[in-house]
Amino acid sequence: MRIATWNVNSVRSRIDRVEALLRRHDIDVLAVQETKAKDEQFPTMGLQALGYEVAMVGYNQWNGVAILSRVGLEDVKIGFPGMPGFGEPEAPEARAIGATCGGVRVWSLYVPNGRKPDDPHFHYKLRWLEALRASTEGWLQESPNLPLALVGDWNVAPFDDDVYDMKDFKNGTHVTPQERAAFFAFQDLGLSDVARPFTPGPDVYTYWDYFRKRFERNRGLRIDFVLGSGPFADRVTGAFIDTEERSGEGASDHAPLIVELREDQ
DNA sequence: ATGGTCGTTTCACGA
């Protein structure tokens with residue numbers, strides 16, 4: 001079973017690349033972020049023709065997440081209790097959608113960017129991550145044996161090696177102690193970065209800014225992660241970043257991350 | 001400190 005995550009940066013402008021990715025890598029479940037599409041705008045027809053069910057949520061040009069699955073799509077949830085604004089109109093801000101696919105609980109996450117460390121959005125980001133942590137703790141207690149994966153664009157670079165040059169982030173987000181602590185709190189719950197052992201650094205990234213030929217110079221960030229619970233991590237047999245997907249005309253600024261799971265025994 | 005390039009509900013803003 002192959003589970004992948006990709007910040008697609010507009011699913012409408014890149015649906016051909018999405019479908020090609022699914023075919024190229026034989027992906028069973030794809031978590032998508034930054035769809036920038038309302039539900040009625042989501043290009044589902046070709047995906048359904050390929051055998052995928054689609055669960056999505058989005059309402060504006062910045063956010064929007066989805067899960068595409070050809071191994072079942074059950075118990076879909078939009079957002080999570082405790083998330084800032086949960087339950088208000090448009091409040092999930094289309095940043096989190098969860099579903100059980102082929103016996104695995106998958107959450108597609110688009111963690112708030114934070115903008116600047118002194119911006120209100122930065123505090124919103126920290127509150128959002130803490131709310132996710134608290135919800136995750138509850139999910140693990142309720143279903144300790146259900147493989148759980150929190151996947152997506154975390155907008156946090158946990159280690160200095162995950163940033164092309166720390167000097168460029170002196171007053172920036174993604175690398176602050178608060179963000180890193182919020183990220184590592186998921187490790188304390190027993191989740192782990194299941195892809196890193198198969199994609200060792202340094203200079204291994206999942207995102208490269210469109211500016212200044214950052215991809216061509218491999219000046220990127222590692223901010224997309226698959227964090228798996230114990231029962232999930234135990235089944236991981238491999239992982240890779242499809243760096244090639246970031247190249248050429250019409251690429252997203254993120255590369256897909258693909259994880260291979262052994263079948264349940 | 002600023003800029004560079006994308007995508008969108010575009011001559012503005014978020015990433």
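Predicted model, so just to flag it, every value in this text is computed and none were measured.
- Judged as a side chain to side chain donor-acceptor pair (under 3.5 Å), not a single pair has a partner in residues 138-152 of chain A (not counting sequence neighbours).
- Taking A:Asp119 as the reference, nothing meets the salt bridge (Lys or Arg N to Asp or Glu O under 4.0 Å) condition, with sequence neighbours excluded.
- The nearest whole Å value for the distance from the CG atom in A:Asn113 to the P atom in B:dG7 is 18 Å.
- Put simply, CG on A:Asn155 is 15 Å from P on B:dG14, counting in whole angstrom units.
- Nearest-nucleotide positions on DNA chain B place A:Lys38 closer to the 5' end than the other of A:Lys38 and A:His121.
- The salt bridge (Lys or Arg N to Asp or Glu O under 4.0 Å) search around A:Arg2 returns A:Glu260, not counting sequence neighbours.
- Contact annotation: side chain of A:Arg12 to base of B:dG7, donor-acceptor pair absent below 3.5 Å.
- The nearest whole Å value for the distance from the OH atom in A:Tyr124 to the P atom in B:dA15 is 11 Å.
- The shortest non-hydrogen separation linking A:Tyr124 to A:Arg95 is CE2-NE, 4.3 Å.
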Exercise for the section: Give the C-alpha distance, both sets of side-chain angles, the deciding distance and a yes or no for side-chain contact (heavy atoms from CB on, under 4.5 Å) between A:Val104 and A:Arg235. Expected result: CA-CA 11 Å; A:Val104 175; A:Arg235 285 173 55 187; 4.3 Å; yes

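- Taking atom P on both nucleotides, B:dA12 is separated from B:dA1 by 25 Å, rounded to a whole Å.
- For A:Arg14, a side-chain nitrogen or oxygen approaches OP1 or OP2 of B:dG7 to under 4.0 Å.
- Of the residues in residues 166-180 of chain A, none lies under 4.0 Å from DNA chain B by heavy-atom distance.
- For A:Arg212, no side-chain nitrogen or oxygen approaches OP1 or OP2 of B:dT5 to under 4.0 Å.
- What separates CZ of A:Arg214 from P of B:dG4 is a distance of 13 Å, to the nearest Å.
- Straight-line distance between the C1' atoms of B:dC13 and B:dT9: roughly 11 Å, to the nearest whole Å.
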Just distance, no hydrogens or angles: give the donor-acceptor pairs under 3.5 Å from side chains in residues 40-50 of chain A, sequence neighbours left out.
residue, atom, partner, partner atom, Å
A:Gln41, OE1, A:Lys38, N, 2.8

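- In this structure, A:Leu146 stands alone, with no Ile, Leu, Val, Met, Phe, Trp or Tyr side-chain heavy atom under 4.5 Å from its own, directly or through other members.
- Rounded to whole Å, the distance from CZ on A:Arg219 to P on B:dT5 is 16 Å.
- Taking atom P on both nucleotides, B:dG14 is separated from B:dT10 by 14 Å, rounded to a whole Å.
- Comparing atom distances between the A:Tyr110 side chain and each of B:dT5, B:dA15, B:dT8 picks out B:dA15 as nearest.
- Between A:Phe211 atom CZ and B:dA1 atom P the separation is 18 Å, expressed in whole Å.
- One P atom belongs to B:dT2, the other to B:dC6, and the distance between them is 23 Å to the nearest Å.
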